[in-house]
Amino acid sequence: MNETVISVRNLKKAYRNQQVLDGLSFDVRRGSIFALLGENGAGKTTTVRILSTLIQADDGVAMIAGYDTKTEANHVRRKISLTGQYAAVDELLTGEENLAMMGRLNHLDKELIAKRTAELLETFELTKAARKKVKTYSGGMRRRLDIAISLLAAPEVIFLDEPTTGLDPRSRRKMWDMIKLLANQGVTIFLTTQYLEEADQLADKIAIIAEGKIIKEGTAEELKEVIGEETLELTFADTSGYHEAQNYMSGEVDEEARKISIPIRSVRQLRELLNDLYVKGIEPDAIVIRQPTLDDVFIKMTEHNKVEVLVNG
Amino acid sequence: MGDAKWIWALRDGLTMSKRSLMHIFRDVESLLMAIALPVSIMLLFVYVFGGAIQTGTDYVNYVVPGVIITCAGFGSSLISVSVTKDMSGGLFERFRSMPLQPSSLLVGHVVGGYLRNMIATLAVFIVALLIGFRPEAGLLEWLGVLGILTLYMISINWLFVVLGLLTKNVETAGAFTFPMLFLPYLSSAFVPTNTMPAWLDAFSKHQPMTPLIEVLRGLLIGTPIDYNLWLTILWFSGLLVLSYIAATLLFRRRKNE
């Protein structure tokens, strides 16, 4: 199915004199995971808040499941569920009570609430903590409960605003598994993140946002072509090794740090590279394999923009 | 369909009221505070200041209505704190993204605050009776007391919901207790206003707390009420309507600056 469920056109929003969103446009396909990737202050949360009807855009149109978020907010609200950056859970109630309360506010009937509550507690591994006050939960448990609550009413579109920020690596992996599980059930997931790795792991489509605009959009693979792959960084203690190594391999060089960065495209290439060094008796001081980061994307993208400006000028 | 909407709004209100009650009974400290404060204020006035204040009746009889409204004011002002807390966390953000009536979500705080105030009021009456309070009210007058106190508490509860919605941080919200604890002192709650300087007397006579207290005192111990009843109803139903409208408008607008 190639149906568009979220459609955003030329969205603009300014707070006082600061332009937070500056002509944002994108589409999200039904049943897909869409990641809005960007740094703090890029406009991610503002976008989520406009789409989830909490605030209104100054200009532009945002449609969800065919309804306008501005003029048909109540229709949109029936289709979506929002998990914001701050856990939307009641600290003084237990996990079970939180689910029951939200079930009632979602106007589900009693049996359905009981059934869904038990299911969701099970899925999100909260059954043991169900009768404990949320106050005593860890960050990861809170997040899980938060997402469980947002699934109660079986929404069509789920917004997850930085779902793993502040979680430890183990809880983050677990959260990823749960998000994948949701996507398999056919829900459309719109998530924001500042981690390239997270978007890569989860999303069918990634849009990179900077200064309120989408600067690049595509699948993880497509983005990687722009950003480059993983690189092997070799650092040398002495200049002779550094110069000798340059004879055998090509890559970006950093004279001052005596560092060579070589893009890695396969395990085989990596093995051959290291073999070469060994055979030639060149001993690097340090070997690091570096993942591309969001910084790299921004550096690349801003370089692109500059080039375009030059070309256009 | 129109009917169904109303029923859902009511049901949601009940759900939220239940939540507020769970909060109140799980936050034992606040509950004890809400009960201990009025009782101590009453004991303070009756035993420490009471001997020096001439009111024409036993001072305990004179002071009970004042103690009750002072402490109801304090109890209500705690609502601002819980509303601000709800708004600054993620919970109300999610509520606002759901197809729910704002008044249903806020009414929980109003109802919860009302019940907490009523528990505190009951405690004051009991202790007052133990230390010599002798009301002359019959059943009808007691019902009148209940009615007037309900109007007063519900209206200022909505007022504090509004203040809670207007406030960004919990500390500021806590500061609203101050004027509510202070206003009754500038009325006939603890001393007759004609003992005050002329300008203060004029203020005290024309602020809403004075007619309210005169009505309660009249119902409880039979002092004259006359026009004060209508004045009280006018003041507090006016406040109720304005606060209610302001609260529902602010709920949607909040954070949309």
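Just the heavy atoms: all of them, side chains too, but no hydrogens, waters or symmetry mates, feed the values below.
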Could you tell me the separation between the [atom1] atom of [X] and the [atom2] atom of [Y], rounded to the nearest 0.5 Å?
X: A:S52; Y: B:R96; atom1: OG; atom2: CZ; result: 9.0 Å
X: A:N98; Y: B:L91; atom1: CG; atom2: CG; result: 7.5 Å
X: B:M16; Y: A:M101; atom1: CE; atom2: CE; result: 5.5 Å
X: B:S20; Y: A:L92; atom1: OG; atom2: CG; result: 10.5 Å
X: A:I80; Y: B:S97; atom1: CD1; atom2: OG; result: 5.0 Å
X: A:R104; Y: B:R11; atom1: CZ; atom2: CZ; result: 8.0 Å

[X], part contacting chain A, at a heavy-atom distance under 4.5 Å:
X: B:M98; answer: both
X: B:F95; answer: side chain
X: B:K85; answer: neither

Kindly indicate whether the side chain of B:H23, heavy atoms from C-beta on, has any atom under 4.5 Å from the side chain of A:L93. yes
Among A:D146, A:D90, A:I149, residue most engaged with chain B (heavy-atom pairs, under 4.5 Å):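 Answer, by heavy-atom pair count under 4.5 Å with chain B: A:D90.
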Return the option, out of A:L105, A:V76, A:T53, with the maximum number of heavy-atom pairs under 4.5 Å with chain B.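 Highest number of pairs under 4.5 Å: A:L105.
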Considering only NZ, NE, NH1 and NH2 on the basic side and carboxylate oxygens on the acidic side, decide whether B:R19 and A:E97 come within less than 4.0 Å.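 Judged by the 4.0 Å cut-off on N to carboxylate O distance, B:R19 and A:E97 do not form a salt bridge.
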Might you work through the side-chain hydrogen bond (donor to acceptor under 3.5 Å, both in side chains) test for A:T83 and B:R94, ending with a clear yes or no? CA-CA 7 Å; A:T83 303; B:R94 171 170 286 154; 3.2 Å; yes
Write down the atom of B:G90, the atom of A:A88, and the distance for their closest heavy-atom approach. O-CB, 3.4 Å
Please determine whether side-chain contact (heavy atoms from CB on, under 4.5 Å) holds for the pair A:H107 and B:W8, giving the CA-CA distance in whole Å, both sets of side-chain angles, and the decisive distance to 0.1 Å. CA-CA 8 Å; A:H107 302 166; B:W8 283 125; 3.3 Å; yes
